[in-house]
Number of protein chains: 2
Amino acid sequence: MTPVTETAAPPRPRPGGRTARIRAQVLAAVEAELTEHGYDALTVDTVAARAGVHRTTVYRRWRDVGGLIADVFAAASDLDWHPPDTGALRGDLTALNREIQDSLTEKSSIAMALIAVSFRSEDAARALRQLWEERYTQCEIVVRRAIERGEVPADTDTRAVLVAATAPVYHRLVLLRTPADAGLPERTAAAAALAAQGGAFRSTEAESDPADGP
Amino acid sequence: MTPVTETAAPPRPRPGGRTARIRAQVLAAVEAELTEHGYDALTVDTVAARAGVHRTTVYRRWRDVGGLIADVFAAASDLDWHPPDTGALRGDLTALNREIQDSLTEKSSIAMALIAVSFRSEDAARALRQLWEERYTQCEIVVRRAIERGEVPADTDTRAVLVAATAPVYHRLVLLRTPADAGLPERTAAAAALAAQGGAFRSTEAESDPADGP
């Protein structure tokens, strides 16, 4: 979910440091071009020039704009990322929402740029869907911990809670395009936590072993 | 909010029926071109041809693609629209969410097409923001009625309830691009209603006369 931002971080060093360094330069150039000039202006040549990498290197490795975008999404995937653990559902959801709001409102937001691109390219839409799926899955532990603590019913639908908590932040900032509001992450998180405690997100069929552990 | 769909309805007859008829034909052609071929392929000439209207007529009245898009948004505004009145907050929000889900998932959804366009054009983004603002304002009566019935605290932030109820539907269908789910409108509405009843959306400063009427 949130850290589509993490894109900006260079990929971890790999065997073959030069390859990793070139990838980092090229992906940083793609992101800079995207946030400054948008998808329409993106070409392999402008990316290569900005990255200071020979264009044939970029063509050979990424082939075209679609390949570059796909790799930006791949780099945004961060399996080492862990959601906040504040000891309470409301606090965890608030912290998550703050990350989301920050990533969407920072200057030259790559998260916002990638969302915009997903309306231009089917490949990007698929990659973003996959990235979000991965983030929400990583965040489910937040609700599972709340179940274990007895904060919410055992048959609570973890994904539904996460979507309810985070959707208003995305909706306001991305679709309604209202200005950021410092109180929004917490208010939204608190409402979702309260609804979850009240049983609003219980699954129709209770899971057989809901506390199956993280 | 929802009835970005209403766009499809021809404008009401006006003094000068021919003018209104031409407008209806042209806007229907814009919508058809948008949903079938997207914003990139949209030109005044293809719209004129599809509408069966002389291109100089279209140029004279709408000037360019921006003018056409702006008029599609203007036509989507429907001040005669009234939100559902089921007698309970949960029922009203569920009915609203059903309208939203229908408008986003129908074949060749103009609502979805206009959202996509808002990521391409600043004018379209502004028009969509205005349209949404208008719809949410029209829907506030749903929460005000709940306040009058004593269903939710008197100082409930009407807009916050509406956004919490509707955002997950938009988030799932527009951004996460998950398939439509028949139960989603009601589950989401029920969670927001429960949170509102629990006081999750009380404004920090209570309004002086919250039951000031619709």
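Computed from a predicted structure; not experimentally measured.
- Looking at B/Ile100 and B/Leu173, their side chains never come closer than 4.5 Å, going by heavy atoms from C-beta outward.
- A/Ala165 does not touch chain B: none of its heavy atoms, backbone or side chain, sits under 4.5 Å away.
- In this structure the side chain of A/Val161 never reaches within 4.5 angstrom of the side chain of A/Val152, judged on heavy atoms.
- Shown here are the side chain to side chain contact (heavy atoms under 4.5 Å, CB included) partners of B/Ala164, two or more places apart in sequence or in another chain: B/Ala192, B/Phe201.
- Among A/Ala191, A/Ala193, A/Gly38, the residue with the largest count of heavy-atom pairs under 4.5 Å with chain B is A/Ala191.
- Per-residue counts of heavy-atom pairs under 4.5 Å with chain B were compared for A/Gly183, A/Ala190, A/Ala167; the largest is that of A/Ala167.
- Between B/Val117 and B/Leu42 there is no side-chain heavy-atom pair separated by less than 4.5 Å.
- Scanning all heavy atoms of the two residues, the minimum distance from B/Val44 to B/Val65 falls at CG2-N, 4.0 Å.
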So which N and O atoms of chain A and chain B form donor-acceptor pairs under 3.5 Å?
| unit_1 | atom_1 | unit_2 | atom_2 | d |
| --- | --- | --- | --- | --- |
| A/Asp40 | OD2 | B/Arg120 | NH2 | 3.2 |
| A/Ser118 | O | B/Arg177 | NH2 | 3.1 |
| A/Ser118 | OG | B/Arg177 | NH1 | 3.3 |
| A/Ser118 | OG | B/Arg177 | NH2 | 3.1 |
| A/Arg120 | NH2 | B/Asp40 | OD2 | 3.1 |
| A/Tyr136 | OH | B/His171 | NE2 | 2.9 |
| A/His171 | NE2 | B/Tyr136 | OH | 2.9 |
| A/Arg177 | NH1 | B/Ser118 | OG | 3.3 |
| A/Arg177 | NH2 | B/Ser118 | O | 3.0 |
| A/Arg177 | NH2 | B/Ser118 | OG | 3.1 |

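- Here the shortest heavy-atom pairing between B/Pro168 and B/Leu184 reads O-CD2, 4.4 Å.
- Considering every non-hydrogen atom in both B/Ile147 and B/Pro153, the closest pair reads CG1-O, 3.7 Å.
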